[in-house]
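Input: a single structure, listed below in structure tokens.
Start at 1 with the first residue, then count along the sequence. Heavy-atom basis, side chains included; hydrogens, waters and symmetry copies ignored.
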Amino acid sequence: MLKRDIPKDQVLTYDDVVLPEGRLVDKLLQEQAVYFATTDEATRDTVLQHLQRTEASV
């Protein structure tokens, strides 16, 4: 849903729209950001295990 009227041919940005709550794509983007922000393998494995446990409980 648009927050305001947008002139024809103007580029849309995320600031121009209201995104629905609870979208799967937003959850996946957040998980990717956390996973790839880690720099060492041990921390990355810990994050991955946490994400798998969280997913299994849903």
Side-chain angles (χ1 to χ4, degrees):
M1 173 179 280
L2 290 175
K3 292 181 180 178
R4 61 184 175 84
D5 289 338
I6 307 295
K8 184 178 179 178
D9 297 328
Q10 180 177 330
V11 175
L12 290 174
T13 68
Y14 280 105
D15 292 332
D16 296 323
V17 296
V18 176
L19 298 174
E21 296 281 328
R23 296 182 329 151
L24 177 60
V25 68
D26 296 326
K27 179 181 180 239
L28 295 174
L29 284 171
Q30 181 182 17
E31 288 178 6
Q32 281 184 338
V34 170
Y35 180 79
F36 289 110
T38 60
T39 56
D40 63 283
E41 195 65 31
T43 304
R44 190 171 282 172
D45 287 343
T46 302
V47 169
L48 187 58
Q49 289 171 3
H50 173 75
L51 292 173
Q52 289 171 340
R53 280 194 303 266
T54 303
E55 187 176 285
S57 67
V58 173

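Within 6.0 Å of CD on Gln10 lie more than 12 heavy atoms contributed by other residues, nucleotides or ligands. By the 6.0 Å contact criterion, CG on Asp40 is enclosed, its count of non-hydrogen atoms from other residues, nucleotides or ligands being greater than 12.
Taking NE2 from His50 and CG from Leu48, the interatomic distance works out to 11.0 Å, rounded to the nearest 0.5 Å. In this structure, CG in Leu29 is found 9.5 Å from CG in Leu24, a value given to the nearest 0.5 Å.
With sequence neighbours excluded, the residues forming a side chain to side chain contact (heavy atoms under 4.5 Å, CB included) with Arg23 are Leu19, Pro20, Val25, Asp26, listed by chain and number.
In this structure, the side chain of Asp16 engages the main chain of Thr13 through a donor-acceptor pair within 3.5 Å.
Counting all heavy atoms, side chain and backbone alike, Val47 lies closest to Tyr35 at CG1-CA, 4.1 Å. The minimum heavy-atom distance between Arg44 and Phe36, with the atom names listed, is NH2-O, 4.0 Å.
With a 4.5 Å cut-off on side-chain heavy atoms, Val18 and Lys3 count as touching.
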